[in-house]
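All values below were derived from every heavy atom in this structure, side-chain atoms included, with hydrogens, water molecules and symmetry-related copies excluded. First the proteins, then the strands, lettered A, B, ... as listed; each starts at 1. If you're wondering where the values come from, they're calculated on a predicted model, not measured in any experiment.
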2 protein chains.
Amino acid sequence: MNKVILLKNRPKGRPSPQDFEFTEEEKSQIKEGEILLKTKYVSVDPYLRGRMRDEKSYIAPFEVGKPLESGIIAEVVESNNKNFEKGDFVNGMLQWKQFQTSNGNGLNKVDSKKAPLKAYLGVLGLTGMTAYLGLEKIGKLEKGETLLVSGAAGAVGSVVGQIGKIKGCRVVGIAGSEEKIDRIQEKFGFDDAINYKTTKEMKKAIAEACPDGVDVYYDNVGGEILDAALQNMNKYGRIINCGAISLYNKTETPTGPRVETTLIKNSILMQGFTVRDFVKDFGPAQKQLAAWMEQDKLNYMETVVEGFENIPQAFIDLFDGKNKGKMIVMV
Amino acid sequence: MNKVILLKNRPKGRPSPQDFEFTEEEKSQIKEGEILLKTKYVSVDPYLRGRMRDEKSYIAPFEVGKPLESGIIAEVVESNNKNFEKGDFVNGMLQWKQFQTSNGNGLNKVDSKKAPLKAYLGVLGLTGMTAYLGLEKIGKLEKGETLLVSGAAGAVGSVVGQIGKIKGCRVVGIAGSEEKIDRIQEKFGFDDAINYKTTKEMKKAIAEACPDGVDVYYDNVGGEILDAALQNMNKYGRIINCGAISLYNKTETPTGPRVETTLIKNSILMQGFTVRDFVKDFGPAQKQLAAWMEQDKLNYMETVVEGFENIPQAFIDLFDGKNKGKMIVMV
């Protein structure tokens, strides 16, 4: 029998274990052209919370009573498809099942000799490319500028900051614990860091950490931290709206200070962004990230949880910041 | 004696006649290299309200007790500068004085034979270029797309919509009276128009007028109309934040629904913008606008108020929408 995790209810506010349902199905037989995949590593990411809402977005919402899905590294255990051999490892958007069949569409083979398999869900995967392509395509970050990053100790934020340092920028991170503040400076080499949980006046704290103002703000959190960043943006500043984890669990439409006059005064850009907007740039992005990895210029951290049955809780824990870096479940 | 208009107080909320002071000074004598200018036409524009605040912005704030300034067409009445002759007309940022001296820096000669002098303050001046460059450089409007414009009967909005039609787009305008709604459809050729003063559900009204969604929103007003537009933006939609007249007279920081999750969901761009960001493109922009004028593709309207002493009131009237198209004072 094959274990499967379904969306039981659309979460109200913070997701809870009751929003997920474990079920079993018979293992499918593969047909001509198909492969049988065994799940090895499952990526859990904040953006999945958005897909649990019944709302039009860049990606179709999950359906209640149907399996959830996310980025997964799987092993090919049987193959009727000439492009895949038994023993290959693949990366793709796959369902939260122990085993599943696929015709191979949308799957990329990954090489376990070049990098640890898990890295393909993180720094060499969508996470790393989200950091790199957001900075390149929207931030257009240039040497000597000041880069501010929220969610700075997280999977995306930590890569964003390190790329900023590689590019010769002043990099300031925002995170929510002293341990994270230390980590982003010591392990990831940020120039300065702000603990938003112990800082009363974020606007002032950002101004002090960024004496030349902020040229690029890479935002993973939204909400009041975004408001404070906006008040510190330089003329022609760019804000990469990558995530808004502070708002994902809100049940009412959140309000805040209006942005339009601030944008006009300093010709500021805000651009919503998902890495899927730049699929055609994935090749060069992966190549650049892999090169920096080889040159030891990119550190990363992972929190690895073990066990298929712990996937929902690992996801829920993201909203308490329990992960250090990329959150991955090893099956 | 030479009449001058000073900023007496920084307005609180809506500007009032008491915020302006009329004074007189002796007419200056011109020195070597200088010219004496006689003010002919004065442009009054909503953005001047922003300069009356003591806030850092794209342009220095006005000083209390000092003369105000705006775009002005003036006649050269004396010249000690080899680049200008008596009888020339010039366009530039000049002070609200009947006469003033200048060394010629920042002034452009205008040709009264090619177009009426007033047109250089409107469709062929900063107003027309604001419309054109915002659409070109930020909106990147393409044939077949849907363009939504607020302040659509105004000086900038009416040109924006006409350029949209020239480019082969569906163009929908938003304005605040039945007369304006008729005007933008009949005189300016918009496909549809919405009277926001008589419409209860703007979000729904925009959805109905834009059955394929909105690709580019050219915003001159901000506030709740921007909120409604945001809810109708297509994937990869672009919002040109050119003005926020609905907020300029607010005394407290205005609040509204947060934008970040909406931006992320559909990879939407918001870009604050002032025409001065594109000074290097003024030449080609003016050429294109003049060509369209010659081909009878651009209509425009002006409200011309007579008398130097009426400049402040003409400015104040902008906030009641009393102008039809570009508001100009003829001295």
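Shown here is A/Gln288, whose CD atom has more than 12 heavy atoms of other residues, nucleotides or ligands within 6.0 Å. Environment of CD in B/Glu142: sparse, with no more than 12 heavy atoms of neighbouring residues, nucleotides or ligands closer than 6.0 Å. Counting non-hydrogen atoms of other residues, nucleotides and ligands closer than 6.0 Å to NZ of A/Lys280 gives a total above 12. The neighbour count for B/Glu69 CD, taken as heavy atoms of other residues, nucleotides or ligands under 6.0 Å away, is above 12.
Among all heavy-atom pairs drawn from B/Thr253 and A/Pro257, the shortest one is CG2-CB, 4.0 Å. Heavy-atom minimum distance, A/Arg258 versus B/Thr255: NE-O, 3.3 Å.
Contacts of A/Asp227 with chain B are made by side-chain atoms alone, with heavy-atom separations under 4.5 Å and no backbone atom involved. Residue A/Ile268 touches chain B through its backbone alone, counting heavy-atom pairs closer than 4.5 Å.
Here CG of B/Asp219 is found 7.0 Å from CD1 of A/Ile264. Values are rounded to the nearest 0.5 Å. Taken from CD1 in B/Ile239 to CG in A/Leu263, the straight-line distance is 10.0 Å, to the nearest 0.5 Å. Rounding to the nearest 0.5 Å places CD of A/Gln271 at 9.5 Å from OH of B/Tyr236.
Looking at A/Lys235 and B/Asp277, their side chains come closer than 4.5 Å, going by heavy atoms from C-beta outward. Looking at heavy atoms from C-beta onward, B/Thr274 lies in side-chain contact with A/Ser267 at the 4.5 angstrom threshold. Looking at A/Leu269 and B/Met270, their side chains never come closer than 4.5 Å, going by heavy atoms from C-beta outward. Inter-residue side-chain proximity for A/Arg53 and B/Thr261 is flagged as unmet; no heavy-atom pair is nearer than 4.5 Å.
Within the 3.5 Å criterion, the main-chain N or O of B/Gly223 finds a donor-acceptor partner in the side chain of A/Glu260.
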